[in-house]
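Position 1 is the first residue of the sequence, and the numbers go up from there. Just so it is clear, the model here is predicted, and its values are computed rather than measured.
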Amino acid sequence: MFPQFITPAIKSQIEILITLYTDLNQRTLEALQSLSELNMQLGRDLIAEMGGNVQRLMASKDATQLGAAVSAQLTPGGAALQNYQRHLVDILSRANSSLAQTAATHMPAVRRAANNVAEEIMHQASEQTARAAEQMSKYQMASELRH
């Protein structure tokens, strides 16, 4: 009497969506890992640059060398930040492309599964409507016989 709640079409739709979300999450994690590695590299570069600046400052023998060492500390990480920005744009671009490609790969299966679910629901609805109409006609005939 009660319809089956998880039909084969719905089960297939759920499995396809889980696969899609799993693949999208995998691509996102890959991008986050690359971003984390880039952040670590920036930190290492800045620390190395700062260490070099401190060594130059301590090794200064005259005012010119001291002035150059001090001015280098006023603008820390210029090259490191430019390198970071280039790599950041590259990582984000690859992540966007990867996510778009993954979604595009899965979309035909998602559409087919959604259409199958919709067709199954429409089929079940028409069957239930036919059953309800049959029950109503039986009820009406029984009601007419009593009167």
Side-chain angles (χ1 to χ4, degrees), residues 1-59 67-147:
M1 180 82 182
F2 293 106
Q4 183 181 1
F5 289 113
I6 299 191
T7 64
I10 291 173
K11 183 178 179 184
S12 173
Q13 173 75 5
I14 290 169
E15 289 170 353
I16 288 170
L17 288 175
I18 288 172
T19 302
L20 169 65
Y21 293 143
T22 301
D23 286 353
L24 289 174
N25 283 329
Q26 181 65 35
R27 301 302 166 264
T28 302
L29 286 174
E30 290 168 0
L32 289 174
Q33 181 180 5
S34 296
L35 185 58
S36 177
E37 290 169 2
L38 179 63
N39 287 335
M40 291 295 289
Q41 185 61 47
L42 175 64
R44 284 191 294 268
D45 291 347
L46 290 174
I47 290 170
E49 184 179 332
M50 202 177 347
N53 287 342
V54 168
Q55 285 179 347
R56 280 191 297 280
L57 186 64
M58 294 176 71
V70 169
S71 69
Q73 289 196 4
L74 295 175
T75 57
L81 288 174
Q82 286 177 344
N83 189 35
Y84 177 83
Q85 288 173 338
R86 270 195 313 277
H87 284 93
L88 179 62
V89 167
D90 182 51
I91 288 170
L92 295 177
S93 175
R94 279 187 284 129
N96 184 40
S97 175
S98 179
L99 288 169
Q101 182 180 7
T102 300
T105 300
H106 287 280
M107 284 330 275
V110 170
R111 277 190 215 104
R112 276 192 307 274
N115 285 337
N116 290 342
V117 168
E119 287 174 7
E120 188 171 298
I121 289 172
M122 287 175 30
H123 179 70
Q124 286 178 354
S126 66
E127 283 180 355
Q128 289 177 4
T129 302
R131 276 191 233 124
E134 184 180 317
Q135 292 294 327
M136 286 296 288
S137 67
K138 286 180 184 177
Y139 177 74
Q140 286 176 345
M141 287 183 354
S143 176
E144 289 174 2
L145 289 176
R146 284 187 217 154
H147 294 299

Asks: Going by the salt bridge (Lys or Arg N to Asp or Glu O under 4.0 Å) test, which pairs reach into residues 81-91, not counting sequence neighbours?
Replies: Asp90-Arg94
Asks: Within this structure, what is the CG-CE distance for the pair Asn115 and Met122, rounded to the nearest 0.5 Å?
Replies: 10.0 Å
Asks: Tell me the closest heavy-atom pair linking Ala9 and Glu120, and the distance in Å.
Replies: CB-OE1, 3.1 Å
Asks: Please, which pairs that meet salt bridge (Lys or Arg N to Asp or Glu O under 4.0 Å) have at least one residue in residues 11-27, sequence neighbours excluded?
Replies: Arg27-Glu30
Asks: Would you check if Asn116 and Gln13 make a side-chain contact, meaning some heavy-atom pair closer than 4.5 Å?
Replies: no
Asks: How far does CD1 of Ile91 sit from CD of Glu37, to the nearest 0.5 angstrom?
Replies: 8.0 Å
Asks: Working to the nearest 0.5 Å, report the span between CG of Leu99 and CG of Asn25.
Replies: 9.5 Å
Asks: Can you name the residues that form a side-chain hydrogen bond (donor to acceptor under 3.5 Å, both in side chains) with Asn39, not counting sequence neighbours?
Replies: Tyr84
Asks: Taking Thr105 for its side chain and Gln101 for its backbone only, find out whether a donor-acceptor pair lies under 3.5 Å.
Replies: yes
Asks: Please name all residues satisfying side-chain hydrogen bond (donor to acceptor under 3.5 Å, both in side chains) with Arg44, sequence neighbours left out, ordered by chain then number.
Replies: Gln41
Asks: Heavy atoms, side chains only, cut-off 4.5 Å: are Thr102 and Gln26 in contact?
Replies: no
Asks: Would you find more than 12 non-hydrogen atoms of other residues, nucleotides or ligands less than 6.0 Å from His87 atom NE2?
Replies: no
Asks: Taking the side chain as C-beta and beyond, is there a heavy-atom pair between Ser12 and Ile16 under 4.5 Å?
Replies: yes
Asks: Counting N and O atoms only, with roles assigned by atom type, does the side chain of Ser97 sit under 3.5 Å from a partner on the main chain of Ser93, one being a donor and the other an acceptor?
Replies: no
Asks: By side-chain hydrogen bond (donor to acceptor under 3.5 Å, both in side chains), which residues pair with Glu119, not counting sequence neighbours?
Replies: none
Asks: If I compare all heavy atoms of Leu42 with all of Ala80, which pair ends up nearest, and what's the gap?
Replies: CD1-O, 3.8 Å
Asks: Output all residues satisfying salt bridge (Lys or Arg N to Asp or Glu O under 4.0 Å) with Glu127, sequence neighbours left out; order by chain, then residue number.
Replies: Arg131
Asks: Roughly how far apart are Ser126 OG and Ile121 CD1, rounded to 0.5 Å?
Replies: 12.0 Å
Asks: Looking at every non-hydrogen atom in both residues, tell me the closest pair between Leu38 and Leu88 and how far apart they are.
Replies: CD2-N, 3.5 Å
